[in-house]
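Below is one structure, written out as structure tokens; comments come after it.
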Amino acid sequence: ARNTEKMLLENVLKTVYHLGEEIHDFYADWSLAQIQQKRAFHPQQLAKAVGILQKKGWMQAKDGKVRFTEAGWEEGK
């Protein structure tokens, strides 16, 4: 289960990184729906991953959207 969670976190970080790459803004705000459009995550898995990433200090949430912290961007690269 730990490996599965680690892969999920890595996949979410990479997906947000690629979204940022497309618009040349790694600190843009993204809705969970936008992240899911880029890569098909199960909604509950995505929400869980974002919660864990926030606890690790790699993402911030505001107004229903998420964004990288500097540490998260480093992890996502």
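Position 1 is the first residue of the sequence; numbering continues from there. These figures come from a predicted structure and were not determined experimentally.
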Could I get the full list of side-chain hydrogen bond (donor to acceptor under 3.5 Å, both in side chains) partners for E21, not counting sequence neighbours?
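Per chain and number, E21 pairs via side-chain hydrogen bond (donor to acceptor under 3.5 Å, both in side chains) with H18.
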
Which residues satisfy the side-chain hydrogen bond (donor to acceptor under 3.5 Å, both in side chains) test with Q34, sequence neighbours excluded?
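Partners of Q34 under the side-chain hydrogen bond (donor to acceptor under 3.5 Å, both in side chains) test: S31.
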
Which hydrophobic side chains are connected to M7, either touching it within the sub-4.5 Å cutoff or through other members that do?
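None; M7 is a cluster of one.
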
Identify the two heavy atoms, one from M59 and one from V16, that lie closest to each other, and give their separation to 0.1 Å.
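Residues M59 and V16, closest heavy atoms: CE-CG2, 3.6 Å.
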
So which heavy atom on G72 is nearest to which on L13, and how close?
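That closest heavy-atom pairing would be O-CD2, 4.0 Å.
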
Quick one: side chains of residues 40-58, donor-acceptor pairs under 3.5 Å with protein atoms, not counting sequence neighbours, listed by atom name and distance.
residue: H42; atom: ND1; partner: Q44; partner atom: N; Å: 3.2

Just how far is it from atom CH2 of W73 to atom OH of Y17, taken to the nearest 0.5 Å?
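Reported to 0.5 Å precision, the distance equals 6.0 Å.
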
If I take atom OG1 from residue T15 and atom CH2 from residue W30, how far apart are they, to the nearest 0.5 angstrom?
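Reported value, rounded in 0.5 Å steps: 11.5 Å.
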
Under the salt bridge (charged side-chain N to carboxylate O under 4.0 Å, His left out) rule, what pairs show up with a residue in residues 67-77, not counting sequence neighbours?
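Those involving residues 67-77 are D29-R67, E74-K77.
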
By salt bridge (Lys or Arg N to Asp or Glu O under 4.0 Å) - contacts of K38 (at least two apart):
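Per chain and number, K38 pairs via salt bridge (Lys or Arg N to Asp or Glu O under 4.0 Å) with E22.
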
